[in-house]
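A short worksheet on the structure shown next.
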Amino acid sequence: MEFTWQATPGHSKSFPLSELNPKNYPIDQESYSLRIPAKNLPHGITDEEVLARFSKGVFGGGYSLLRGGWHLTSSSDPALPGHSIWKLESLSRNTLPPLGSTLFGLLTLFDTSACTEAHRISVFPESQDIPRPNFAFAEYAGRTKSLSLAASHRFEVNRELKGSEDVIQLTFSHVRSNPANGGKPLPGWFIWFHVLYSKLLFADGIRELLRN
């Protein structure tokens, strides 16, 4: 696994973050990546299947300890579109949840390459003028009731050829801010706890991706 103290390019300017951090307060960020030979995955697996499996692993693993502790909102409130998912078996390994779905009271699927830009705009009209990535991705975001933490997880899939071998690179990019205090840095102990915890989440997602 590769780790860096930078989110992937463009993540900090994504539509979900424009909603949850509208004043563009300073952010903390990091990313985690792993290259997996395509031969280790089912033949013909699609990008959406990769994202769906990884999402199910992340939210079905360590995130289960946080269920119910977050309030998902947009800057416009009072409610997000979509529906809530509370059972792990409701998450498919083949397709992502509907756009606008909130998973386990934690994070909402604000954007994904699995839907068209027109559909995103129909669900989130305020997203109309914000560009989308040109690769496969799913972005989940939310913030706490106290506004002390706004966070976005973007899962990304890129395919490349290494010699004669097809390789899938999976990346977990993370951006967070503290709107309650104007984006002042979070305590150092929290940063390191989050990095360790995110590595566990990443491992949960990879295990689910590789599971038969």
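Quick caveat: nothing in here was measured; it's all calculated off a predicted structure.
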**Q.** Approximate separation, where rounding is to 0.5 Å, of Asp47 CG and Leu96 CG
**A.** 10.5 Å
Q: Would you please indicate if the ring centroids of Phe3 and Trp5 are separated by under 6.0 Å?
A: yes
Q.
With a 3.5 Å distance limit and no angle check, can you tell me whether Arg120 reaches the backbone of Ser127 through a side-chain donor-acceptor pair?
A. yes
Q. Do any N or O atoms from the side chain of Lys56 and from the backbone of Arg93 form a donor-acceptor pair under 3.5 angstrom?
A. no
Q: Mind checking the CZ-CD1 spacing from Arg159 to Ile168? Nearest 0.5 Å is all I need.
A: 4.0 Å
**Q.** Rounded distance [0.5 Å steps], CZ in Phe155 versus OG in Ser55
**A.** 5.0 Å
Q) Is there a donor in the side chain of His11 and an acceptor in the side chain of Ser152, or the other way round, less than 3.5 Å apart? A) yes
Q | Pair Ser173, Ser31: side-chain N/O donor-acceptor within cut-off below 3.5 Å | A | no
**Q.** Stepwise side chain to side chain contact (heavy atoms under 4.5 Å, CB included) check, Val157 with Phe137
**A.** CA-CA 6 Å; Val157 175; Phe137 76 99; over 6 Å; no
Q) Would you say Ser198's side chain and Val195's backbone share a donor-acceptor pair under 3.5 angstrom? A) no
Q) Is there a donor-acceptor contact under 3.5 Å linking the side chains of Thr112 and Glu139? A) no
Q. Got a second to check how far Phe202's CZ is from Tyr197's OH, nearest 0.5 Å?
A. 15.5 Å
Q.
Ignoring hydrogens, what is the shortest heavy-atom contact between Pro97 and Leu91? Give both atom names and the distance.
A. CG-CD2, 3.7 Å
Q: Could you tell me which non-hydrogen atom of Pro26 sits nearest to which non-hydrogen atom of Ser177, and how far apart they are?
A: O-OG, 2.7 Å
Q: Scan side-chain atoms only and decide if Thr8 and Glu156 contain a donor-acceptor pair under the 3.5 Å cut-off.
A: yes
Q: Give a yes or no on whether a salt bridge exists between Arg154 and Asp111, defined as a side-chain N under 4.0 angstrom from a carboxylate O.
A: no
(Q) Within the 3.5 Å criterion, strictly below it, is a donor on His194 or Glu30 matched to an acceptor on the partner's side chain? (A) yes
Q: Taking only Lys NZ, Arg NE, NH1 and NH2, and the carboxylate oxygens of Asp or Glu, determine whether Lys39 and Glu165 approach each other closer than 4.0 Å.
A: yes
**Q.** Ring center gap for Tyr140 and Phe110 short of 6.0 angstrom
**A.** no
